Amino acid sequence: MAAPKKIILTGLAHKLYKDGLLSEIDAETAFDKSRATGTSLVTYLVNQKLVTSLDIAFAAAEEFGVPLVDIESLELNPDTIKLIDQKLLEEHKAIPLFQRGNRLFVALSDPTKLPALEAIKFKTKMHTEVILAEEDKLNKVIERALELFDTSMQELEDGLEDIELVAEEEDKKTDDEKTEPDAPIVKFVNKMLFDAIKAEASDLHFEPYEKYYRVRFRIDGMLQVVATPPITLSRKLAARIKVMSRLDVSERRVPQDGRIKLKISAKKSIDFRVSTCPILWGEKIVMRILDSSAAKLNIDMLGYEEEQKRLYLEALANPYGMVLVTGPTGSGKTVSLYTGINILNKEGVNISTAEDPVEINLPGVNQVQIDEKTGMTFAKALKAFLRQDPDIILVGEIRDIETGGIAIKAASTGHMVMSTLHTNDAPQTLTRLIDMGLPPFAIASTIILIMAQRLCRRLCTCKVEQEIPQHSLLAEGFKEEDLAEIKLYGPRNGGCEKCGGLGYKGRVGIYQVMPISDTMKRLIMEGSNSIGIADQARKEGIPDLRDSGLKKAISGLTSLEEVNRVVSKE
């Protein structure tokens with residue numbers, strides 16, 4: 001019987017074998033099987049976990065003489081990416097990075113992918129040059145880049161009457177619901193939804209008044225008027241939104257809550273939470289855009305100082321205890337909690353959440369929707385969780401003594417509990433819990449960290465330096481020894497194209513991260529008020545919200561005016 005024909009290794013397979021990263025047998029097998037299945041050698045090796053993507057990238061760069069980049073550290077240009085179409089991006093796993101004249105630099109994990117280069121060259125009519133990237137990092141970047149095609153919504157913009165609503169459940173419709181509004185009404189509402197997504201708004205407000213009607217978007221925390229349709233359309237607009245939200249069109253006297261799932265492409269859908277409220281001249285409707293990307297935020301993107309981030313991560317690493325996040329509505333509490341849950345979300349951990357409402361779907365997390373009408377309260381959900389072998393419990397909000405009592409019991413019996421309250425700062429949270437009727441000793445023994453937060457608008461890159469007198473800076477709370485080095489910035493008058501003339505683009509968090517020390521525990525059990533606890537926090541060197549805001553202003557992330565808007569001087 002003839003011996004099997006020996007495979008002659010060439011190119012990357014030979015390089016990996018020569019460098020000792022693959023055995024000869026593994027190199028031959030990978031070389032043979034990748035060819036037989038039509039898979040890239042790099043993809044085969046990474047999928048089989050035979051060599052790390054970084055080692056492959058270094059070897060390929062040396063073997064083929066092409067540059068290697070850390071693609072995740074690059075700021076990609078959407079216009080450059082869109083020089084090719086979605087099909088090319090998905091099929092060839094190649095992404096244009098930048099262009100120089102008639103040369104297009106394309107990132108690949110395998111420089112031998114000549115069909116990919118030829119296809120991109122044919123599509124763009126440009127000379128292509130290879131830049132190497134690690135396979136796993138390239139896949140992540142391509143996944144994000146595909147969202148550019150999903151969220152460009154060009155088809156949506158061209159056919160605003162035909163937005164597809166995804167039904168979550170089939171309801172019996174009333175006669176009013178069966179009557180479709182006029183096409184112009186449909187198109188106007190759809191355009192408002194489209195424009196809100198495009199403008200990265202968090203909320204839409206549809207507001208009828210006696211003599212006029214207005215639509216406002218909340219962008220970076222500030223409301224802006226975007227449309228003023230005729231007041232005569234008030235009822236038709238409300239009816240259309242109710243039909244989309246599967247609400248009772250005929251009921252105009254009581255508030256209603258609903259939800260819209262808007263499919264804008266084959267892979268992308270956006271959720272809106274809808275609330276109607278009867279006011280003097282009709283029904284005001286507020287729609288909250290539920291952004292699932294918030295759940296994927298890295299903790300480094302939230303604006304924590306290094307010490308604050310360390311304290312939060314240390315608290316999350318505890319096997320039991322309670323972490324509370326506090327602040328007004330719209331201060332980013334949910335994002336902070338979800339970021340923490342994402343860090344804790346591992347295969348070996350049982351996480352359950354009770355939320356009102358469940359805003360963002362978190363794969364791997366057991367989420368319960370609170371519904372007072374059906375009797376599903378926070379307290380009932382918590383009692384159920386404790387019978388389901390939980391490791392981590394998230395309670396959307398502690399609203400009453402029953403919920404607080406069960407949460408504290410869970411935290412004191414070997415579970416990590418995370419929740420929110422509506423208080424002005426961290427010290428006030430402790431006295432708020434005592435005011436609810438919770439025992440001081442239970443509070444002191446279970447709470448390990450309280451985090452108060454606000455969101456400030458982030459200055460655009462067009463920001464300008466401001467000249468502020470020293471006596472004014474001292475009055476604002478800056479320290480005298482720092483005055484000589486302080487440089488403050490503000491929004492440029494008229495802004496730029498990037499920020500739409502506002503001078504601000506995006507938001508950044510300011511935080512008071514207060515671990516509960518032994519001294520604070522003693523103060524709580526002695527019945528100390530929030531002033532006493534705040535004094536102790538100051539002694540322990542914990543910056544309050546004002547201090548954190550001033551630090552963000554000094555670093556040029558936001559303006560002093562913006563800090564004053566969200567945090568008082570007292």
Side-chain angles (χ1 to χ4, degrees), residues 143-144 146-174 176-181 183 185-206 215 217-218 237-249 251 255-277 283 285-297 334-335 338 353-371 373-374 376 396:
E143 192 175 324
R144 291 203 307 269
L146 286 171
E147 293 180 5
L148 293 173
F149 294 94
D150 281 345
T151 57
S152 62
M153 296 176 287
Q154 188 59 51
E155 293 179 7
L156 173 61
E157 195 168 14
D158 294 339
L160 288 168
E161 305 93 335
D162 302 319
I163 295 180
E164 184 180 347
L165 295 174
V166 181
E168 295 191 351
E169 59 182 64
E170 286 298 324
D171 295 329
K172 291 180 180 179
K173 295 181 172 60
T174 64
D176 283 334
E177 285 177 290
K178 292 174 185 175
T179 305
E180 282 296 313
I185 298 294
V186 173
K187 188 167 185 177
F188 175 79
V189 172
N190 291 349
K191 184 178 188 306
M192 289 297 99
L193 301 186
F194 164 75
D195 287 348
I197 297 167
K198 195 175 177 183
E200 298 178 6
S202 60
D203 303 85
L204 300 83
H205 292 237
F206 293 80
V215 181
F217 292 170
R218 189 178 292 279
L237 289 171
R240 173 57 186 164
I241 295 170
K242 284 181 174 181
V243 168
M244 295 173 77
S245 314
R246 290 177 172 76
L247 299 178
D248 185 352
V249 177
E251 180 56 77
Q256 296 185 68
D257 293 309
R259 200 175 179 110
I260 296 173
K261 192 175 187 69
L262 199 66
K263 191 171 183 180
I264 58 177
S265 75
K267 294 184 178 180
K268 188 79 172 178
S269 60
I270 301 287
D271 286 342
F272 294 81
R273 191 178 78 213
V274 181
S275 171
T276 73
C277 181
E283 286 180 283
I285 299 174
V286 176
M287 307 171 76
R288 163 69 54 94
I289 299 176
L290 305 179
D291 183 6
S292 59
S293 65
K296 302 173 185 176
L297 282 179
T334 301
V335 172
Y338 279 1
T353 76
E355 303 169 69
D356 183 18
V358 175
E359 294 191 0
I360 296 167
N361 178 38
L362 297 173
V365 176
N366 309 294
Q367 295 173 276
V368 172
Q369 170 73 54
I370 298 304
D371 188 348
K373 292 178 183 176
T374 62
M376 177 54 82

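Quick caveat, the model's predicted, so the values are computed rather than measured.
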Look at atom CD of Glu200 and say whether more than 12 heavy atoms of other residues, nucleotides or ligands are closer to it than 6.0 Å. no
Heavy-atom closest contact ([X] atom, [Y] atom, distance):
| X | Y | result |
| --- | --- | --- |
| Met376 | Gln369 | CG-O, 3.6 Å |
| Gln367 | Leu362 | OE1-N, 2.8 Å |
| Met287 | Phe206 | SD-CE1, 3.5 Å |
| Ala201 | Phe217 | CB-CB, 4.0 Å |
| Glu251 | Lys242 | O-NZ, 2.7 Å |
| Val243 | Val249 | CG2-CG2, 3.8 Å |

Would the distance check show the side chain of Thr276 and the main-chain N or O of Gln256 forming a donor-acceptor pair, the cut-off being under 3.5 Å? yes
Could you please spell out the steps behind the side chain to side chain contact (heavy atoms under 4.5 Å, CB included) verdict for Asn190 and Met244? CA-CA 10 Å; Asn190 291 349; Met244 295 173 77; 3.8 Å; yes
Straight-line distance of [X] [atom1] to [Y] [atom2], nearest 0.5 Å:
| X | Y | atom1 | atom2 | result |
| --- | --- | --- | --- | --- |
| Arg240 | Ser245 | CZ | OG | 9.5 Å |
| Cys277 | Glu283 | SG | CD | 9.0 Å |
| Leu247 | Asp257 | CG | CG | 8.0 Å |
| Ile241 | Leu193 | CD1 | CG | 7.5 Å |

Can you name the residues that form a salt bridge (Lys or Arg N to Asp or Glu O under 4.0 Å) with Arg288, not counting sequence neighbours? Asp203
Under a 4.5 Å cut-off applied to non-hydrogen side-chain atoms, are Ile197 and Phe272 in contact? yes
Sub-4.5 Å side-chain heavy-atom contact between Leu204 and Ile289: yes
